[in-house]
Amino acid sequence: MATERYNPRASEPKWQKAWAEAKLFETQNDDPRPKYYVLEMFPYPSGRIHIGHVRNYAMGDVVARYRRARGFNVLHPMGWDAFGLPAENAARDNKVNPRDWTYANIDTMKRQLKTMGLSLDWSREIATCDPAYYRHQQKLFLDFWKAGLVERKSAKVNWDPEDMTVLANEQVIDGRGWRSGALVEQRDLTQWFFKITAMSQDLLYSLDTLERWPDKVKLMQANWIGRSEGLLLRWPLAEGTAPAGESELEVYTTRPDTIFGASFMAIAADHPLARKAAEGNPALAAFIQEVKHGGTSAAEIETAEKKGFDTGIRVTHPFDPAWTLPVYVANFVLMDYGTGAIFGCPSGDQRDLDFANKYGLPVVPVVMPADADAATFQITETAFTDDGVMINSRFLDGMSPAAAFEKVADLLEQRSLGNRPMGERKVQFRLRDWLISRQRYWGCPIPVIHCEVCGAVPVPAKNLPVELPAEVSFDKPGNPLDHHPTWKHVDCPQCGKPARRDTDTMDTFVDSSWYFARFTDPWNEDQPTTLSAVDGKRGWLPVNQYIGGVEHAILHLLYSRFYARAMKATGHLNDAVEPFEGLFTQGMVVHETYKGADGWAAPSDVRIEEVDGKRRASLIADGSPVEIGPIEKMSKSKKNTVSPEEITDSYGADTTRWFMLSDSPPERDVEWTDDGAAGAHRFVQRVWRLVADGAEILDSVAAGTGGEGDALAVSKAAHKSVKQVGEDIEKLAFNRAIARLYELVNSLQPALASIISANADADAGSKAAMRQALEFLVLLIAPMMPHLAEECWDALGNGGMAAEQHWPAFDPVLTVDNEIVYPVQLNGKKRGELTISRDADQGAVEKAALALDAVQKALDGKAPRKVIVVPQRIVNVVI
RNA sequence: GCCCCUAUGGCGGAACUGGUAGACGCGUCCGACUCAAAAUCGGAUUCCGCAAGGAGUGCUGGUUCGAUUCCGGCUAGGGGCACCA
């Protein structure tokens with residue numbers, strides 16, 4: 001039969017138009033069907049869609065289309081994470097307005113996205129740079145402030161000298177700015193913070209409720225929040241050594257059990273006690289200056305030598321009034337963790353040991369391995385940090401460190417120093433408050449006015465949004481808002497005197513911390529959210545399935561979890577505290593790299609040939625040899641990118657989607673290869689040929705289920721596929737779903753060929769079963785290849801669109817086999833096969849297995865020692 | 001340094017809860033159709049061996065009738081955190 005090749009270039013736009021005209025994907029909030037919210041992390045409008053976006057959105061679209069077919073009211077929106085520094089860089093370099101640049105990019109990318117045939121509700125599109133969006137973000141900020149979740153404070157902050165802005169802790173990676181890669185410096189600045197630490201405990205413990213999150217992500221967040229249990233310990237300062245007005249030193253420790261191994265105290269250079277001690281001690285003051293100035297970058301801190309300076313201050317040991325210990329200022333103690341002071345136990349901590357050895361301080365072992373000898377156990381170069389037995393610790397001797405911890409904590413909680421207890425159990429978190437001020441233009445303005453009289457004053461609600469000025473100059477380095485001639489000069493809303501706007505904008509991670517909530521009702525002009533759209537039975541939150549890259553495991557996902565809680569605290573949400581019920585982190589798209597004499601070469605400029613079984617690459621332009629390098633994440637700098645547009649132009653969106661979903665499990669990286677894409681396209685044509693040929697001969701046949709023979713086999717293949725593909729999609733195992741579909745097509749192809757060759761003689765049952773199988777096939781591929789599915793559905797002449805059809809229902813009877821093939825093992829090694837009825841009882845299976853030639857031969861007349869029959873699985877004969 | 005993950009043919013990977021290892025795809029080889037090519041279709045493809053047969057899921061030891069799967073010890077690769085007291 002001569003069937004024309006499927007032409008995606010003609011078909012795809014046709015169906016995209018049909019879907020849009022039927023408004024199939026525009027979701028109503030009052031739809032009575034059960035809701036399903038599927039969301040992919042929205043893109044930054046950088047200019048072009050890249051293949052990683054395609055993979056991400058293809059996955060989300062499979063879920064959306066599948067859930068829709070299962071009868072859910074599906075919300076599947078798209079928007080733009082549109083604020084950020086690249087727009088300012090483009091403005092500076094190309095003399096364009098950041099807004100114009102951003103919106104031009106959005107236009108391009110939206111057009112590109114539309115060619116992918118994604119089932120998105122574009123009526124809810126939002127861009128975070130739109131005042132209609134960020135006005136609500138300013139409202140949220142002010143509400144958070146009122147609720148005590150925002151704080152303006154002076155702190156040591158990370159300063160990115162290249163982007164000329166401060167950065168949050170989470171945005172410093174290996175001591176460098178996450179965007180610029182510049183070495184980050186520490187600066188003391190007064191900035192705005194979200195008090196995310198107020199929620200440390202809940203953010204940590206609630207991770208356990210996130211059953212459909214990857215363990216890896218939960219673990220990373222748990223480590224980032226970093227909970228530790230310890231003791232606040234107040235050491236009395238020894239008389240005669242304390243600066244005026246000081247009487248104690250408070251330290252935080254997780255090892256109060258090692259208190260008898262203490263040999264010194266160490267405090268941070270900016271600890272108040274250090275400052276006081278330095279008054280009248282020029283040498284100490286000089287040391288403190290050195291610590292503060294020496295190396296501000298994280299990289300320098302890492303390699304810096306551990307140094308200390310004796311303050312002359314002494315503390316008294318809580319369990320021995322005669323025992324005093326020196327207080328050092330040390331360069332490795334951090335002011336912003338714990339109390340900025342520690343006690344050093346050299347035998348139990350390597351860093352303390354190095355410090356003690358350097359300054360000749362005593363080293364007393366207090367924990368030893370259970371099998372060591374207390375009389376001879378020594379610590380010299382390596383600290384002992386494992387579990388063991390307490391020694392040299394008076395009343396703690398012989399205890400486990402855990403028991404000693406409790407004992408010391410109990411005792412010191414009873415004792416008091418001044419009017420407070422000497423010891424206090426304390427849970428400490430590593431998490432820091434979220435610094436959101438950015439000294440940049442292209443972001444959401446912080447809606448605050450600074451008045452010399454009234455201080456920081458919120459912009460009144462009626463004056464929101466605080467809009468960015470349209471005209472802005474990037475000629476000078478630094479913050480353009482600050483340089484703007486008029487923008488910042490306003491009157492104080494409280495006293496009316498001249499005042500000035502806060503010229504900082506919010507971290508762009510704020511924008512993406514609540515966009516998922518805004519999608520539920522982007523039309524609400526008064527409030528960030530509509531409670532009926534987010535909460536309760538009809539409410540959209542939490543997002544049922546969120547899909548994006550692992551690179552957001554901490555930043556975006558932690559901030560969003562904070563935001564949901566803060567929005568609940570301020571009445572913008574009632575139910576949800578966890579924004580994302582299910583999270584899936586997909587792998588990257590990777591590609592081989594090519595390096596020629598003039599540097600990296602793009603795949604499209606390289607020709608690959610096989611010579612003597614070895615792959616060789618050369619430049620298409622001049623034939624010069626190119627080295628084939630490792631497979632790496634696609635990046636502009638290595639030029640190993642492929643353009644989704646090119647692939648879609650030549651093969652169509654369905655092929656691109658299919659290939660991105662096949663082979664590799666979605667959480668792993670997938671390698672883009674031309675052969676793989678060609679293979680996917682081959683399958684597109686195979687499906688089309690199969691369905692088109694079938695449609696021709698089965699034109700007037702009604703779909704049905706086969707009762708016997710070939711017809712039954714076809715029905716079984718079809719019904720099994722429905723079951724398995726559905727299960728695989730629900731588990732997001734797209735690669736397995738695709739493998740099943742290949743199997744189905746592989747089995748239908750010869751079956752249809754024999755119906756065609758028999759034609760008039762083919763029995764009605766076979767034709768009905770084949771018709772049903774083809775209809776199933778079309779609906780099963782529809783989530784991955786929606787355009788092809790429509791074209792096939794149309795060819796089958798069933799009416800309506802594939803995208804409107806319900807997911808086919810399988811008959812459970814047809815998904816099981818009546819005959820079981822048992823592998824028969826001898827001592828665990830397969831020696832034969834046994835085909836027997838499904839209902840055969842264990843005795844019958846055993847008997848039949850023992851009767852096999854191979855088994856008889858091996859038994860040689862003897863009785864087997866044991867026969868194991870696992871129903872429906874295997875037989876093992878033990879001799 | 002601490003924490004975590006991964007390891008299966010030439011390649012991507014499959015194998016439910018401990019039950020036939022290598023589904024499916026890519027590549028390669030052989031064949032059909034064709035004047036030829038493309039497209040398509042059929043077959044083969046873990047390794048050793050002509051074969052019978054044997055070996056085999058990073059290495060190593062264990063549990064079990066039976067281990068890719070569970071446990072112990074290693075090796076390699078990847079990721080996260082890192083002066084956090």
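Every value quoted in this text rests on a predicted model; they were computed, and no experiment measured them. Here is the naming used below: chain letters follow the sequence lines, and residue numbers restart at 1 for every chain.
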Nucleotide [N], atom [atom2] - distance to [atom1] of [X] in whole Å:
{"X": "A:N223", "N": "B:C3", "atom1": "CG", "atom2": "P", "answer": "10 Å"}
{"X": "A:D349", "N": "B:C83", "atom1": "CG", "atom2": "P", "answer": "13 Å"}
{"X": "A:R740", "N": "B:A23", "atom1": "CZ", "atom2": "P", "answer": "13 Å"}
{"X": "A:F734", "N": "B:A14", "atom1": "CZ", "atom2": "P", "answer": "14 Å"}
{"X": "A:L826", "N": "B:G19", "atom1": "CG", "atom2": "C1'", "answer": "15 Å"}
{"X": "A:L334", "N": "B:C84", "atom1": "CG", "atom2": "P", "answer": "8 Å"}
{"X": "A:R351", "N": "B:C2", "atom1": "CZ", "atom2": "P", "answer": "15 Å"}
{"X": "A:Q872", "N": "B:G19", "atom1": "CD", "atom2": "P", "answer": "14 Å"}

Can you confirm whether or not the ring centre of [X] sits under 6.0 Å from the ring centre of [Y]?
{"X": "A:W658", "Y": "A:H681", "answer": "no"}
{"X": "A:F659", "Y": "A:Y651", "answer": "no"}
{"X": "A:F332", "Y": "A:F355", "answer": "yes"}
{"X": "A:Y359", "Y": "A:Y328", "answer": "yes"}

Problem set entry | Residues in side-chain hydrogen bond (donor to acceptor under 3.5 Å, both in side chains) contact with A:E667, at least two apart in sequence or another chain |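 So A:E667 forms no side-chain hydrogen bond (donor to acceptor under 3.5 Å, both in side chains) with any residue.
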Exercise. Which residues pass the side-chain hydrogen bond (donor to acceptor under 3.5 Å, both in side chains) test with A:K216, sequence neighbours left out?
Worked result: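 Counting only residues at least two positions away or on another chain, A:K216 forms no side-chain hydrogen bond (donor to acceptor under 3.5 Å, both in side chains).
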For this session: Check RNA chain B against residues 717-725 of chain A and give the residues with a non-hydrogen atom under 4.0 Å, in numerical order.
Result: none
Problem set entry | B:C26 base / A:R682 side chain donor-acceptor hit below 3.5 Å |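 No.
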For this session: Would you state whether a donor and an acceptor, one from the side chain of A:R432 and one from the base of B:C84, lie under 3.5 Å apart?
Result: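 Indeed there is one.
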Anything under 3.5 Å between a donor and an acceptor, one on a side chain of residues 337-348 of chain A, the other on a protein residue two or more places apart or in another chain? List them.
from   : atom 1 : to     : atom 2 : distance (Å)
A:Y337 : OH     : A:S228 : OG     : 3.3
A:T339 : OG1    : A:E250 : O      : 2.7
A:T339 : OG1    : A:A341 : N      : 3.4
A:T339 : OG1    : A:A341 : O      : 3.4
A:S347 : OG     : A:V364 : O      : 2.8

Problem set entry | Toward the 5' end of RNA chain B, by each residue's nearest nucleotide, A:E743 or A:F343 | A:E743
Exercise. Which sits closer to the 5' end of RNA chain B, A:K830 or A:S664, going by the nucleotide each is nearest to?
Worked result: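 Looking at RNA chain B, the more 5' nearest nucleotide goes with A:S664.
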For this session: Using both pair distances under 3.5 Å as the test, note the stems of at least 3 consecutive Watson-Crick or G-U pairs that include RNA chain B.
Result: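 When the pairs of RNA chain B are grouped into runs of at least three, the stems are B:1-7 with B:75-81, B:10-12 with B:24-26, B:27-32 with B:40-45, B:46-48 with B:53-55, B:58-62 with B:70-74.
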Show me the protein contacts with nucleotides 62-69 of chain B, counting only N or O atoms at under 3.5 Å.
from  : atom 1 : to     : atom 2 : distance (Å)
B:C65 : O2'    : A:N876 : ND2    : 3.2
B:C65 : O2     : A:N876 : ND2    : 2.5

For this session: Could you tell me whether A:E424 and A:R234 make a salt bridge, using a distance below 4.0 angstrom between a side-chain N and a carboxylate O?
Result: yes
